[in-house]
Amino acid sequence: MDKLIITGGSQLSGELRISGAKNAALPVLAATLLSEEPVSIGNIPHLHDITTTMQLLGQMGIRLTIDEKMNIEVDSSSITKYEAPYDLVKTMRASILVLGPLLARFGEAHVSFPGGCAIGTRPVDIHIDSLIKMGADIRVEAGYIHAKASRLKGCKLVLDKVTVTGTENLLMAAVLAEGVTIIENAAKEPEVSDLALFLNAMGAKISGIDTDILTIEGVLKLDAKNIHYNIIPDRIEAGTYLVAAAITKGRVLLKDVRPDLLDAVIDKLREAGADISTGDDWIELNMHGKKPKAVNVRTAPYPAFPTDMQAQFTAMNSVAEGVGIITETVFENRFMHVQEMQRMGADIQLESNTAICKGINQLTGAPVMATDLRASASLVLAGLVAKGETLVDRIYHIDRGYDHIEEKLSQLGASIRRISG
Ligand code: EPU
């Protein structure tokens, strides 16, 4: 199993290009199942979750071609199986995203139940209950969701909770349903909007994009020709590199990024003392050699502060000036990184969904274990400022969601290398 070795102490400085968003690329790839015509997707990040999605579509008989620039062409006309098997779903919960499109287009889907994961129980009851309201016949048996429908029927869906992949699954199901579907309390995450724009480019009729009420007028088929769609930049990857510069008192210029999708994160970094300038597609952060100030953060659905940036800010607070309180409201168990940071000397107290971080002068390098994607990233950030060497184990989590992280950090002057075995 690969590991990362980081020697802390370098002040990061330089320029980086941000990759396409993982959490937009995954639903967009699933949505290609809805198209009668081949479609081409660009700005795909180079990630393990993308490989898993390609495997998932490939084992259904779908033809995928990928070029050296990571443009993927998908032709779903050769599909032979409507199944997402356990061995793929267990490594990537986002596999649940094939449920809506398979059911809508082919009237049948067999998707392994994703179950729990490191950051909480993460049920999919809202996906299932809403599809039943749209007329699907669903049974859960031997760990699989078996769904059937002749043609789904549009209806009004009021979601109990804001769910990102839930909204995405229902959007994809509704585009081919009979009549109008209205999704209330829909997730407004930019990745949901990116999927909706892609579906519209293929011929869907979705309005209310970027709001929490999505209206979808069902169509018989999606058969727009010669579609090429570019995925939006990854706001969480961008946020992670901004924190990398902030925590090391450094400077970074990010290119190919959407600053307008990072308002809550940029506000908190400014509060932490960062000097930040932005343009249409770039962000520059400069700490002018100063230590960050601790900030209070409360995670919530977009446009509030993202749960996917919580662990990175916990790392920053652990070496910041003062005390910062982090409150996690989206997932019930997303503080697995705290225990590892404590092993590096961090002064963090956990009280149910709150972490009270008292900034200390210096963390100490230690062997640490990555438990989920963002937790792993936060341990790398902690390693960048720790005294001595930090060895981050189980980095397959990082490879699921960060495109060439050690190359990108090295480009900024970090001392980081990957070892195998
Ligand atoms: N929930 C339910 N029932 C459902 C669906 C969700 O109770 O049927 C609950 C969840 O347990 C959670 C809350 O609703 O407490 C929000 O979960 P959501 O469904 O929004 O999460 P997700 O769609 O499974 C996506 C991202 C996550 C990100 C969350 C929140 C993808 C592939 N994943 O997950 O990304 O943290 O939204 O923004 O889009 C990551 O990239 O590291 C990551 C975990």
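What's counted below: heavy atoms across the whole structure, side chains too, no hydrogens, waters or symmetry copies. Positions are given from 1 along the sequence. What you see is a predicted model; the values in this text were computed from it and never measured. Note that ligands are numbered from 1 as they come in the structure, with each ligand's atoms numbered from 1 the same way.
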**Q** Enumerate the atoms of ligand 1 whose separation from the nearest heavy atom of V124 is less than 4.0 angstrom.
**A**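 Heavy-atom distances to V124 below 4.0 Å select 4 (C), 8 (O).
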**Q** Report the residue from H110, E83, E108, R139 that forms a side-chain hydrogen bond (donor to acceptor under 3.5 Å, both in side chains) with H146.
**A**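 Looking at H110, E83, E108, R139, the match for H146 under the side-chain hydrogen bond (donor to acceptor under 3.5 Å, both in side chains) is H110.
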**Q** Give yes if a backbone or side-chain nitrogen or oxygen of V164 is under 3.5 Å from a nitrogen or oxygen of ligand 1, and no if not.
**A**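 Such a contact does occur with ligand 1.
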**Q** List ligand 1 atoms under 4.0 Å from K22, heavy atoms only on the residue side.
**A**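 So the answer, numbered in order with elements, is 40 (C), 41 (O).
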**Q** Under 4.0 Å between a side-chain nitrogen and a carboxylate oxygen: does that hold for R298 and E328?
**A**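 Salt bridge between R298 and E328, a charged N being under 4.0 Å from a carboxylate O: no.
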**Q** Applying a strict 4.0 Å limit to heavy atoms, is E168 in contact with ligand 1?
**A**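 No; E168 lies far enough from ligand 1 that no heavy-atom distance drops under 4.0 Å.
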**Q** Which option, T165, N333, D234, I96, owns the non-hydrogen atom nearest atom 22 (P) of ligand 1?
**A**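 Heavy atom nearest to atom 22 (P) of ligand 1 belongs to T165.
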**Q** In Å and rounded to the nearest 0.5 Å, what is the OG to CG distance from S207 to L214?
**A**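 Reported to 0.5 Å precision, the distance equals 8.0 Å.
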**Q** Regarding atom 44 (C) of ligand 1: of the candidates R400, K161, R334, R374, which has the closest heavy atom?
**A**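 Heavy atom nearest to atom 44 (C) of ligand 1 belongs to R334.
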**Q** Using the salt bridge (Lys or Arg N to Asp or Glu O under 4.0 Å) rule, take D399 and R418 through it: C-alpha gap first, then chi angles, then the decisive distance, then the call.
**A** CA-CA 11 Å; D399 295 331; R418 181 181 290 254; 2.8 Å; yes
**Q** Would you check the N or O atoms of T163, main chain and side chain alike, for any that come under 3.5 Å of an N or O of ligand 1?
**A**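 The answer is yes, given that T163 and ligand 1 share an N or O pair closer than 3.5 Å.
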**Q** Does L373, backbone or side chain, put an N or O under 3.5 Å from an N or O of ligand 1?
**A**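 No, no N or O pair falls under 3.5 Å.
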**Q** Which of the atoms in ligand 1, numbered in the order shown and given with their element, are less than 4.0 Å from a heavy-atom of T307?
**A**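 In order of numbering, the contacting atoms are 30 (C), 36 (O), 38 (O).
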**Q** Between D49 and R400, is there a salt bridge with N-O shorter than 4.0 Å?
**A**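 Salt bridge present between R400 and D49.
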**Q** Does a salt bridge link K408 with E237, judged by any charged N lying under 4.0 Å from a carboxylate O?
**A**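 Salt bridge between K408 and E237, a charged N being under 4.0 Å from a carboxylate O: yes.
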**Q** Which atoms of ligand 1 are found less than 4.0 Å from any heavy atom of H127?
**A**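 Heavy-atom distances to H127 below 4.0 Å select 8 (O).
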**Q** Look at atom 7 (O) of ligand 1 and find which of P123, G401, P301, A300 reaches it with the closest heavy atom.
**A**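 The nearest heavy atom belongs to P123.
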**Q** For ligand 1, which atoms have a heavy atom of A94 less than 4.0 angstrom away?
**A**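 Under 4.0 Å from A94, ligand 1 has these atoms: 32 (C).
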**Q** Just to be sure I'm reading this right: ignoring hydrogens, which of V330, I128, I236 gets closest to atom 13 (C) of ligand 1? Compare them by their nearest heavy atoms.
**A**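 Looking at heavy atoms only, the winner is V330.
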**Q** Under a heavy-atom criterion of less than 4.0 Å, does V162 contact ligand 1?
**A**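 Yes, V162 has heavy atoms under 4.0 Å from ligand 1.
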**Q** Should the pair K69-D67 be classified as a salt bridge under the 4.0 Å nitrogen-to-oxygen rule?
**A**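 Looking at D67 together with K69, the answer is no, because their closest N to O distance does not fall below 4.0 Å.
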**Q** Looking only at side-chain N and O atoms, does D125 offer a donor or acceptor that is under 3.5 Å from a partner on H127?
**A**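 No, because no side-chain N or O of H127 sits under 3.5 Å from a partner of the opposite role on D125.
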**Q** Counting only heavy atoms, which portion of D308 has something under 4.0 Å from ligand 1: side chain, backbone, both, or neither?
**A**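 Only the side chain of D308 comes within reach of ligand 1.
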**Q** Regarding D308 and R334, does a basic nitrogen lie under 4.0 Å from an acidic carboxylate oxygen?
**A**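 Salt bridge flag = yes for R334 with D308.
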**Q** What do you reckon, does R93 have a nitrogen or oxygen under 3.5 Å from a nitrogen or oxygen of ligand 1?
**A**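 No.
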**Q** Any side-chain heavy-atom pair from E15 and K255 closer than 4.5 angstrom?
**A**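 Sidechains of K255 and E15: in contact.
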